[in-house]
Amino acid sequence: MACGPPRSSTCCGARRIRPSSIASRAASEPADSAARATPTCSATVAAHGARTIAAMTTVRVRIAPSPTGPLHIGTARTALFNYLFARHAGGTFILRLEDTDVARSTPEFEEDILEHLHWLGLEWDEGPAAGGLPERGAFGPYRQMARRDLYRAAAEQLLAEDRAYPCYCTAEELDADRKLREEAKLPSRYSGRCAALTPDERAAFAAQGRRPAIRFRIEPGVVAFDDMVRGHVEIDASALGGDLVIVRVDGTPLYHFGVVVDDAAMGITHVIRGEDHLSNTPKHILLFRALRYPVPVFAHLPLILNADRTKMSKRKSQTAVKDYIAEGFVREALVNYLALLGWSTGTEEEILSLDDLVGRFDTAAIQKGGAIFDRGRLEWLNGQWIRRLADDDLASRLAPFLAAEAAAGRIDRAPSPADIVALLPMVRERLPVLGAIGELVGFLYVDDLVPDAALLVPKRWDAATARAGLAVALAAITEAGEAGFTKDDLEPSLRGLADARGWKAGDLFMAIRVAISGRTATPPLFESMVALGRARTLERLARAVAVLAA
RNA sequence: GCCCCCAUCGUCUAGAGGCCUAGGACGCCACCCUUUCAAGGUGGAGAUCAGGGGUUCGAAUCCCCUUGGGGGUACCA
């Protein structure tokens, strides 16, 4: 990450802050000072003066998914950006599971997330035990539910310093408060009912058997920070909704609390996440400060949007990575597409591998506005990547889709690996997704094919002509024998047949195409016939003649 | 409601005050290639840079306002 043009930012008035310089500040400065959260022009000096420090400070970033659903396209994109940032900087990419929503978290979702991040090639340097592999990293455990002691200690510290207090309000009371403020058209905010309870009052609640949640005191003031994507952001603490619950009655931490305790404990230097967290960032900064932790640098990524420009959701879009995999999108295309959603190289390159992306990644070029997920463009990229894969690689990726076709009964048998490789020249350019393979070549692997009589008759022909055409083709192929049954012999022979009778070759070919495949759109005809085999080709031609005779 | 963020072809984007008559890609249309379908090639339509004010000799680019959109506002993450 060199200083200076073309893509590095300036300091004062710049919307982008050099990540490495801030990294050194965040990681090396002791807690406290408001200046830490609001780097100003003095950062220029720090930035240049601290280059050696910045160079020595290892970037540590994380992806912190919540196992409350399968891996989401948005989570994958955030993971990718963190991965690219870490790898580009020679830093560490960490995976942490935020499983404190006990009601919605499941081991199955956890597995889905891990498996598919791995599938995308986003290997983490530190993370939980998974898939039979042991936990990696010196900052574990990497599951929040296994880190409860840390949250408890942090909460106790805040309690002891009166930065937080026990709150005995019930859900009903809170709901009633909320409703009241809503009706009065007031901004929602905690009433502060428990903020100034005396020890006696607390004891009284406890005696009633009421157990408290813990609330963090939001002190008045303006919280400011310099976002790597958005520049300087200021939010008045009065807009934060009042004192914040950080620990539930059941003792589990809430997101805003766990994320801060863990990011600090894990030495996270840069928090790269979706823009949906931007408004909550002041809460995190206030907690970092109250706990005397260094504040990391933030980068809020633009959201991925549904077609109607709302935040991409399961309701309106296909969001599970596994569903894209099931359709036959390849990892290279998904990674390539996701990287270019909200970021660009500044060049006209479009086809980029994960390694290419690592080399070119630069947070200064991250887009600020949200981006609609464009499936058409993804498909185009997928086709590009499919065309670039090596034969064996593509064949082995295709195999499961063919096996699935067989399992579903759409074909009677799946081709061997060698057969699939042989198919490649005629299918490679016809696959927007791997899952299209069944439609494309399925006719080669069905035993009983009866073509539709109407399809057998080309537009310019009538049924009698079609029948005659197929019959002469059948005769010619029979006569040519096994030796003449090659792509190069078949074409001139059949073309000659058509010419001799004054038919358009294309019409004859179409009739044959439908006869052998049942379809009007197929891979190239003569290659298809060879793939089908002479015996079955003849059999199907005979069958078609019979169909037209009926 | 309140707070925050955002704004260049339908979509993803290039653009760092003169290289902009706004470039590329996807999609769309036409033509070429061609046995169908693709792929590929060539060309085309498509953005008064959301609108209005400034600043400047000069603004897509800087500032302000308006409008529009989005996000946040939980004992969800």
Side-chain angles (χ1 to χ4, degrees), chain A residues 5-7 9-10 13-15 64-66 68-69 98-101 103-105 167 169-171 174 178 181-182 184-189 213-215 227 229-230 233-236 238-241 244-250 252 254-256 258-259 274-282 300 302-303 305 307-311 337 340-350 365 367-381 383 387 426-432 440 491 494-495 498 504-510 512-514 517 519-526:
Chain A
R7 274 209 177 270
S9 51
T10 53
R15 29 178 224 149
S66 169
T68 52
E98 305 215 329
D99 54 357
T100 56
D101 183 349
R104 294 194 299 146
S105 296
C167 172
C169 294
T170 62
L174 262 15
R178 205 179 344 263
R181 290 191 67 91
E182 218 166 276
K185 298 206 164 184
L186 288 165
S188 63
R189 147 179 284 271
I214 299 174
R215 267 185 203 273
D227 190 280
V229 176
R230 277 144 229 286
V233 178
E234 288 187 1
I235 297 177
D236 196 304
S238 67
L240 263 29
L244 175 73
V245 175
I246 54 174
V247 179
R248 294 182 181 91
V249 169
D250 70 6
T252 54
L254 273 101
Y255 168 75
H256 298 307
V259 76
E275 194 198 331
D276 45 351
H277 286 105
L278 188 62
S279 297
N280 288 323
T281 301
H300 288 93
L303 260 21
L305 274 20
D308 64 2
R309 295 213 153 266
T310 54
K311 181 164 80 164
Y337 178 71
L340 263 21
L341 247 203
W343 176 75
S344 66
T345 61
T347 69
E348 283 174 6
E349 301 172 292
E350 313 235 37
Q367 201 78 17
K368 288 193 275 192
I372 293 175
F373 189 90
D374 180 356
R375 189 203 159 87
R377 197 173 155 81
L378 207 212
E379 278 189 15
W380 169 74
L381 261 176
R387 271 161 242 148
M426 62 186 208
V427 300
R428 200 185 264 285
E429 275 152 20
R430 279 165 253 265
L431 293 172
L440 239 197
E491 175 168 2
L494 293 171
R495 195 178 288 278
K504 287 208 155 220
D507 290 335
L508 208 219
F509 295 167
M510 181 54 82
I512 299 173
R513 169 174 292 109
V514 174
S517 71
R519 329 176 54 96
T520 54
T522 67
L525 181 59
F526 310 108

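A, B, ... follow the sequence lines: proteins, then strands. Residue 1 opens every chain. Keep in mind that the numbers below use all heavy atoms, side chains included, and drop hydrogens, waters and symmetry copies.
With sequence neighbours excluded, the residues that form a ring pair (Phe, Tyr, Trp, His ring centres under 6.0 Å) with Phe526(A) are Phe509(A). In terms of the side chain to side chain donor-acceptor pair (under 3.5 Å) criterion, residue partners of Ser238(A) (sequence neighbours excluded) are, by chain and number, Asp236(A). Not counting sequence neighbours, the partners of Val259(A) by the side-chain contact (heavy atoms from CB on, under 4.5 Å) test are Arg62(A), Arg96(A), Glu98(A), Tyr255(A), Asp263(A), His284(A). Leu240(A) pairs by the side-chain contact (heavy atoms from CB on, under 4.5 Å) definition with Ile218(A), Ile235(A), Ala237(A), Pro282(A), Lys283(A), Leu286(A), not counting sequence neighbours. Listed by chain and residue number, nothing satisfies the side chain to side chain donor-acceptor pair (under 3.5 Å) test with Arg309(A) (two or more places apart in sequence, or in another chain). For Arg377(A), the salt bridge (Lys or Arg N to Asp or Glu O under 4.0 Å) test picks out Glu350(A), with sequence neighbours left out. With sequence neighbours left out, Arg387(A) forms a side chain to side chain donor-acceptor pair (under 3.5 Å) with no residue at all. Legend: residues meeting salt bridge (Lys or Arg N to Asp or Glu O under 4.0 Å) with Arg430(A), ordered by chain and number and at least two apart, are absent. Taking the side-chain contact (heavy atoms from CB on, under 4.5 Å) definition, one finds that Ala371(A) meets it with Leu341(A), sequence neighbours left out.
The NE2-P distance, from His300(A) to C3(B), rounds to 20 Å in whole Å. Spacing between atom CG of Leu525(A) and atom C1' of U36(B) amounts to 9 Å, rounded to whole angstrom units. Separating the CD atom of Glu349(A) from the P atom of U13(B) is a distance of 17 Å, rounded to the nearest angstrom. In this structure, Leu305(A) atom CG and U13(B) atom C1' are separated by 15 Å, rounded to whole Å.
Between the base of C5(B) and the side chain of Arg230(A) there is no donor-acceptor pair shorter than 3.5 Å.
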Tabulated below should be each protein N or O lying under 3.5 Å from an N or O of nucleotides 30-33 of chain B; please produce it.
none

When you compare the protein's N or O atoms with those of nucleotides 71-74 of chain B, which come within less than 3.5 Å of each other, and at what distance?
from: G71(B); atom 1: OP1; to: Lys311(A); atom 2: N; distance (Å): 2.9
from: G71(B); atom 1: N2; to: Ser279(A); atom 2: OG; distance (Å): 2.9
from: G72(B); atom 1: OP1; to: Lys311(A); atom 2: NZ; distance (Å): 2.8
from: G72(B); atom 1: O2'; to: Asn280(A); atom 2: OD1; distance (Å): 3.4
from: U73(B); atom 1: O2'; to: Ser188(A); atom 2: OG; distance (Å): 3.2

(message) I'd like to compare against my own output: the B/S/- annotation of nucleotides 17-24 of chain B with a strict under-4.0 Å heavy-atom distance to protein.
(response) ------SS
